[in-house]
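Numbering of ligands and ligand atoms starts at 1, following listing order. All values below come from the heavy atoms of this structure, side chains included, with hydrogens, waters and symmetry mates left out. Quick caveat, the model's predicted, so the values are computed rather than measured. For reference, positions follow the sequence shown, starting with 1.
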Amino acid sequence: MGEEKQHSIPALPWMRDPVDITLSQQLPLHSVPSLHPKLKSALEDLGISNLFPVQVAVWHETVGPGNFERDICVNSPTGSGKTLAYALPLVQMLSDRITRCLRALVVVPTRDLALQVKQVFDAIASPLGLRVGLAIGQSSLADEISELVEMPAHDISTYYDPHHVSLPRFQSKVDILVATPGRLMDHINTTKGFTLEHLYYLVVDETDRLLREAYQSWLPTVLELIQSNDDGFFQPADSFFPCSVGALRTRRRCGVERGFKDKPYPRLAKMVLSATLTQDPGRIIQLNLHHPLLLKAGQMRYRLPENLESFKLICDKNVKPLYLIALLKSLGEEKCLVFTKSVDSTHRLCQLLNCFEDLQIDIKEYSSLQHQRVRSKTLNEFRKGVFQVLVSSDALTRGMDVEGVRNVINYDVPKYIKTYVHRAGRTARAGQTGRCFTLMSEDEVRRFKKLMRKAEGGSCLDHNISSSLIEALNTSYQSALTKYKVIISKTQKKPKK
Ligand SMILES: Nc1ncnc2c1ncn2[C@@H]1O[C@H](COP(=O)(O)OP(=O)(O)OP(=O)(O)O)[C@@H](O)[C@H]1O
């Protein structure tokens, strides 16, 4: 354990002395300083009466006395409420804007997560007259553009033409944009009138995932665009100028200098968040953070939700599906997420489970091989409780919030603790209880125990399934296997297109 801790001492000095979120308490809405009355009632409409600790901590550093003078990095467990932690201050800080411009950009790694984040923003931003847009590539580029940019009446083409020299008056239709990196780059490169020059706030959700993959260099591109707009503009704090787009340049937030010497104001204020925030200086540096402040829950780098119980289920490799079936049966009607190691395993396992006639549980799959429309439909049905078990690849691990998931099952032992944290984190959210079962063979136990020692709350109990239940299911399992083999041989015989 001592060795683990030594390894996790961050190289970046500011990461060694974080603000501990666990010391903050939940705060009733009526006690939240300066909370806009419309924001308060929007939250109440959502059934929210208290802010969670991470939300209180971020509020304190942005709207509160911290005045967003430092960029904020949040490392807090899955399901702790990070989405509202950034959405609330953004909406509050934009509530007194006069003209509509794109002021806040939220970048997330996947489309389904972007749709979920937009829903949260919609609920709290529209009562304050703020509009939220999506750039995720769900619809055609032209349709998306028409939702984001108001074209000048005489201008019919929507794409950028470098030879077009006159400056038509485009108007942003949104104040806040939730985007995936690829589609964001499409708009930056090709959409006429799409500009980041008025941007005040940048949020990078699931930061470690977004920094791991370059996605057409979206981050350097965004930062470069902002940098080139920064030169020579300085206005007092909290000023939002009426600006006719194209004629006036933007004014960004300025703050009271608190002994920070090396960075000119105004600046783009940033929030970066994850349940497994990277400590790698080489990655963090890409964000060009301004005197970053780390808000972190607990001591260790990884922390599992308080009300999560982890179990290991030791089984014979050759009959692993049989153990999964027995486990699913024992969980009854409860919503369940089953994670496998790859898209192929997801597909195969889902097919096999559906061959099992006695199971009487509706099972569907979700993987990045499927078309986005199919995936979103499956996810919506799962949210509504149309079926109980969703088999998924790691495409669903990040950020997805599905109410009522009480059980997560790792059909394959995750390779990394990060993967365990995000998979298990689909349950035990917002203070609810949840269980995570991991199926493994005897020879995988040692590695799994070592993995779990890397996370706070990583203790793991044994879960046993009686041999009589396994025996009772064996005949149906064998006939399911036969059925499955027929299906496989038929699909293999189909000529390849
Ligand atoms: N103050 C609150 N009171 C009650 N419920 C809340 C509050 N804040 C957030 N929630 C609920 O908690 C759940 C988890 O929130 P959220 O998705 O923001 O977690 P997260 O920290 O981003 O998790 P992950 O790391 O998995 O992305 C959501 O269903 C959300 O509606």
Side-chain angles (χ1 to χ4, degrees), residues 21-22 24-32 35 39-40 42-59 72-91 106-110 112-124 178 203-210 271-278 295-298 301-308 335 337 339 379 382-383 392 394-406 408 418-434 436 455 457:
I21 296 167
T22 56
S24 301
Q25 302 288 324
Q26 286 202 17
L27 197 61
L29 294 186
H30 60 79
S31 307
V32 178
L35 182 64
L39 204 44
K40 179 169 174 278
L43 287 169
E44 283 163 347
D45 290 347
L46 290 173
I48 289 175
S49 49
N50 296 294
L51 290 195
F52 284 166
V54 66
Q55 295 158 357
V56 176
V58 175
W59 187 266
I72 309 292
C73 301
V74 177
N75 187 358
S76 97
T78 50
S80 57
K82 291 187 288 296
T83 315
L84 272 177
Y86 61 78
L88 280 178
L90 284 191
V91 170
V106 180
V107 186
V108 300
T110 62
D112 282 322
L113 185 54
L115 288 164
Q116 187 181 295
V117 168
K118 170 148 189 307
Q119 250 183 354
V120 173
F121 268 107
D122 277 339
I124 60 170
V178 183
V203 175
V204 185
D205 199 354
E206 303 294 348
T207 312
D208 49 326
R209 165 89 192 271
L210 280 169
M271 279 192 258
V272 306
L273 312 90
S274 174
T276 52
L277 194 71
T278 179
L295 310 179
K296 186 169 177 294
R301 183 168 169 199
Y302 304 110
R303 185 183 168 98
L304 290 161
E306 254 171 46
N307 295 328
L308 175 82
K335 251 189 211 173
L337 253 171
F339 285 106
L379 197 56
F382 189 51
R383 283 188 203 281
S392 174
D394 282 322
L396 202 73
T397 51
R398 291 283 182 154
M400 294 313 300
D401 185 61
V402 178
E403 213 195 320
V405 174
R406 291 283 158 267
V408 166
K418 265 190 187 190
T419 317
Y420 186 90
V421 167
H422 288 286
R423 286 183 181 181
R426 297 317 101 208
T427 184
R429 299 175 70 74
Q432 305 275 310
T433 56
C436 180

Which atoms of ligand 1 have any heavy atom of [X] under 4.0 Å away?
{"X": "I48", "value": "1 (N), 2 (C), 3 (N), 4 (C), 7 (C)"}
{"X": "E206", "value": "27 (O)"}
{"X": "R429", "value": "14 (C), 16 (P), 17 (O), 19 (O), 20 (P), 23 (O), 24 (P), 26 (O)"}
{"X": "R426", "value": "26 (O)"}
{"X": "N50", "value": "1 (N), 2 (C), 3 (N)"}
{"X": "L84", "value": "8 (N)"}
{"X": "P77", "value": "21 (O)"}
{"X": "A430", "value": "11 (C), 12 (O), 13 (C)"}

**Request:** In plain terms, say whether K82 and D401 are close enough for a salt bridge, that is, a side-chain N and a carboxylate O under 4.0 Å apart.
**Result:** no

**Message:** Given the ring of F382, does K335 sit roughly above its face, with NZ or CZ under 6.0 Å from the centre of the six-membered ring and within 45° of the axis?
**Reply:** yes

**Message:** Walk me through whether R398 and S274 qualify under side chain to side chain contact (heavy atoms under 4.5 Å, CB included).
**Reply:** CA-CA 9 Å; R398 291 283 182 154; S274 174; 3.8 Å; yes

For residues [X] and [Y], determine if any side-chain heavy atom of one lies less than 4.5 Å from a side-chain heavy atom of the other.
{"X": "H422", "Y": "T78", "answer": "yes"}
{"X": "Y86", "Y": "I72", "answer": "no"}
{"X": "V56", "Y": "Q25", "answer": "no"}
{"X": "Q432", "Y": "N307", "answer": "no"}

Under 3.5 Å: N/O of [X] near N/O of ligand 1:
{"X": "Q116", "result": "no"}
{"X": "L51", "result": "no"}
{"X": "A275", "result": "no"}
{"X": "S76", "result": "no"}

Which residue supplies the protein heavy atom nearest to [atom], what is that atom called, and how far is it?
{"atom": "atom 15 (O) of ligand 1", "answer": "G81 CA, 3.6 Å"}
{"atom": "atom 27 (O) of ligand 1", "answer": "G399 CA, 3.1 Å"}
{"atom": "atom 13 (C) of ligand 1", "answer": "D401 OD1, 3.6 Å"}
{"atom": "atom 25 (O) of ligand 1", "answer": "K82 NZ, 2.7 Å"}
{"atom": "atom 10 (N) of ligand 1", "answer": "F52 CE1, 3.7 Å"}
{"atom": "atom 18 (O) of ligand 1", "answer": "T83 OG1, 2.7 Å"}
{"atom": "atom 8 (N) of ligand 1", "answer": "Q55 NE2, 2.8 Å"}

**Asked** Of T22, V74, N75, which is the lone residue that meets side chain to side chain contact (heavy atoms under 4.5 Å, CB included) with V54?
**Response**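 Running side chain to side chain contact (heavy atoms under 4.5 Å, CB included) over T22, V74, N75 with V54 returns exactly one hit, V74.
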
**Message:** Working note: F121 + V91, criterion side chain to side chain contact (heavy atoms under 4.5 Å, CB included); need CA distance, chi angles, decisive distance, verdict.
**Reply:** CA-CA 8 Å; F121 268 107; V91 170; 4.0 Å; yes

**Prompt:** How far apart are the C-alpha atoms of L337 and V402, what are their side-chain angles, what is the distance that settles it, and do they pass the side chain to side chain contact (heavy atoms under 4.5 Å, CB included) test?
**Reply:** CA-CA 10 Å; L337 253 171; V402 178; 5.8 Å; no

**4.0 Å protein heavy-atom contact status of atom 31 (O) of ligand 1, strictly under** =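 Given the 4.0 Å cut-off, atom 31 (O) of ligand 1 does not count as touching protein heavy atoms.
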
**Prompt:** Checking side chain to side chain contact (heavy atoms under 4.5 Å, CB included) for the pair V32/Q55: CA distance, chi angles, key distance, verdict?
**Reply:** CA-CA 10 Å; V32 178; Q55 295 158 357; over 6 Å; no

**Message:** Which residues pass the side-chain contact (heavy atoms from CB on, under 4.5 Å) test with A42, not counting sequence neighbours?
**Reply:**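 If we apply the side-chain contact (heavy atoms from CB on, under 4.5 Å) test to A42, skipping adjacent residues, the hits are I124, P127.
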
For a quick test of your reading: what N or O donor-acceptor pairs under 3.5 Å do the side chains of residues 43-51 make, sequence neighbours left out?
unit_1	atom_1	unit_2	atom_2	d
E44	OE2	K40	NZ	3.2

**Request:** Could you establish whether G79 and ligand 1 come within less than 4.0 Å of each other, counting only heavy atoms on the residue side?
**Result:**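 Right, G79 reaches ligand 1.
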
